[in-house]
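Quick caveat, the model's predicted, so the values are computed rather than measured. Residue numbers begin at 1 in each chain, while the letters A, B, ... track the order of the sequences.
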2 protein chains.
Amino acid sequence: MAEPAAPAPGRQRVLDAAAERLVEQGYAATTLRQLAADAGIKAGSVYHHFASKEDLFIAVFNRGIEVMVEAFDRVEAVEPLERLGAHVRAHLGALFEHGSYTAAHVTAFFTAPPEVRAEVVPQRDEYEHRWNDLLADVFPDLPADRRPLTRLLLFGSMNTTIEWFHLSGSLSLDDLAAIITSQFVDGIHASHPIRSAR
Amino acid sequence: MAEPAAPAPGRQRVLDAAAERLVEQGYAATTLRQLAADAGIKAGSVYHHFASKEDLFIAVFNRGIEVMVEAFDRVEAVEPLERLGAHVRAHLGALFEHGSYTAAHVTAFFTAPPEVRAEVVPQRDEYEHRWNDLLADVFPDLPADRRPLTRLLLFGSMNTTIEWFHLSGSLSLDDLAAIITSQFVDGIHASHPIRSAR
DNA sequence: AAGAGTCCCTAACGTCCGTTAGGTTGTCCT
DNA sequence: AGGACAACCTAACGGACGTTAGGGACTCTT
């Protein structure tokens, strides 16, 4: 009998539910019984797919990075400024347009126990490395030892948008990406002059 | 008998412990038994000082805002650019130099249940209002409806420093504040030119 | 037809949680 | 001296948690 619209296997439904709950509740407050109920199975059955709660959430966090990396690698722009803007847009896209995994990673990573975080660090490093290389390429005069700091400031602005930005609002994700990019590159100074000293 | 160095009352020790645990563990993972042990009392005794776990953490979050507001109001600079830099420095000071309350607020606010968050929103609004006014004053040409967004981007950069900055490192808090301020005002463009299109 | 493997269930385990009732001690006020 | 009150204790409650053992139903392979 042909399945209509492929009902999504249980394992995937648990992962999806975990990502969504993580965003709203964090690691500790998200219970396996909740996830099981969300996915339409019973709590004990979660252990057919995952060895433990930690194991499950490691999978969620890693998927969150995967989504970011995929979005990053999909960018094709070549002209420096355009490239940077496209990557900012891609990062925001990963946060808001490709499920809850990246959002879960960004909001809940630091609420997870150290053992879980440790398991995810290598993949994180890979994504950060991509951005360091991008900065090196776009801003050749930026000293190498300033790249991580610069990236962290940009990440700070981009990642905290999940706390206040909503796709349903009047601002589009394209607009937001453009604003963040120009703010990052030219600062507020360029378009909005500082009041002169009196 | 004169108390040597005022042994800090139990209520205060519980609050301090709560702020520190919040930074490391978030709301749900922090238990009253832990806090009591940290403060040198027993779990049941916490209820002599606070009506509930929620009540306790509302006090912690509000104190976190208080510290920020106090730091903000302590700034005396008048020249626009200098003022902005001083406020950035003050905000970072609240995060790193005046106990864990502000850090707890910034990292754990969104891990707290909605009822707790709701109780803290008014004080948050007051602090955000101060910053909106500051931006209006320093950047008179910045449209009023862009102020909140601009503030959120700056807050994003400043607040996420708690995830990676350490006072013990080679970078001082003064340095960090200066970098964030100039990055915010002039962008990366000013000091580090973009690679020209090829 | 038999066996293996997948997916899920029920029922329970030990543990820890927030919270409460009631008691003890010490200090201060009158 | 006595009462009030603050600060803490012990001991327990009901409930929820992560996890496990063992079994049922179904599909696929041989």
Side-chain angles (χ1 to χ4, degrees), chain A residues 1-22 24-61 104 108 111-117 119, chain B residues 1-22 24-61 104 108 111-117 119:
Chain A
M1 36 189 82
E3 339 170 34
R11 180 191 153 94
Q12 190 59 47
R13 288 207 310 273
V14 173
L15 283 171
D16 288 350
E20 273 165 39
R21 292 282 188 177
L22 265 185
E24 296 161 8
Q25 307 175 342
Y27 184 92
T30 300
T31 73
L32 296 184
R33 284 171 171 83
Q34 269 180 353
L35 301 185
D38 290 352
I41 63 176
K42 294 301 158 69
S45 307
V46 173
Y47 285 82
H48 176 70
H49 302 292
F50 304 97
S52 65
K53 180 179 179 180
E54 296 194 354
D55 200 60
L56 195 170
F57 284 101
I58 288 171
V60 173
F61 286 134
T111 73
E115 309 89 58
V116 172
R117 291 206 294 265
E119 213 67 40
Chain B
M1 39 187 82
E3 337 170 33
R11 181 190 152 95
Q12 191 58 47
R13 289 207 309 274
V14 173
L15 284 170
D16 288 350
E20 272 165 38
R21 293 281 187 178
L22 265 185
E24 297 161 7
Q25 306 175 343
Y27 183 92
T30 300
T31 72
L32 297 183
R33 283 172 172 82
Q34 268 180 354
L35 301 185
D38 290 353
I41 63 176
K42 295 300 159 69
S45 307
V46 173
Y47 284 82
H48 177 69
H49 302 292
F50 304 96
S52 65
K53 180 179 180 180
E54 296 193 353
D55 200 61
L56 195 171
F57 284 101
I58 288 171
V60 172
F61 286 134
T111 74
E115 310 89 58
V116 172
R117 291 207 295 264
E119 214 65 41

Taking only N and O in the side chain of [X], is any of them less than 4.0 Å away from OP1 or OP2 of [N]?
X     : N      : result
A:K42 : C:dT10 : yes
B:H49 : D:dC8  : yes
A:H48 : C:dC8  : no

In this structure, how many angstroms lie between the [atom2] atom of [N] and the [atom1] atom of [X], rounded?
X     : N      : atom1 : atom2 : value
B:K53 : D:dG15 : NZ    : P     : 19 Å
A:R33 : D:dC17 : CZ    : P     : 6 Å
B:I41 : C:dT19 : CD1   : P     : 15 Å
B:R13 : D:dA7  : CZ    : P     : 12 Å
A:F50 : D:dT20 : CZ    : C1'   : 18 Å
B:Q12 : D:dA7  : CD    : P     : 13 Å
B:L32 : D:dC9  : CG    : C1'   : 16 Å
A:Q34 : D:dC17 : CD    : P     : 7 Å

Checklist entry - With a non-hydrogen cut-off below 4.0 angstrom, is A:S45 in contact with a base, only sugar-phosphate, or nothing? => result base
Next on the checklist: Taking any heavy-atom pair under 4.0 Å as a contact, classify B:R11: base, sugar-phosphate, or nothing.
Outcome noted: nothing
Next on the checklist: Can a donor-acceptor pair be found, under 3.5 Å and without considering hydrogens, that links the side chain of A:K53 to the backbone of A:T31?
Outcome noted: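 No: the side chain of A:K53 does not pair with the backbone of A:T31.
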Checklist entry - In this structure, which one of B:I58, B:L32, B:L15 forms a side-chain contact (heavy atoms from CB on, under 4.5 Å) with B:F50? => result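 Looking at B:I58, B:L32, B:L15, the match for B:F50 under the side-chain contact (heavy atoms from CB on, under 4.5 Å) is B:L15.
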Side chain proximity check, [X] to [Y], heavy atoms < 4.5 angstrom:
X     : Y      : value
B:F57 : B:L35  : yes
A:Q25 : A:Q34  : yes
A:F61 : A:R117 : no

Next on the checklist: Of the listed nucleotides (D:dT19, D:dC9, C:dT19), which one gets closest to any side-chain atom of B:Y47?
Outcome noted: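 Output: C:dT19.
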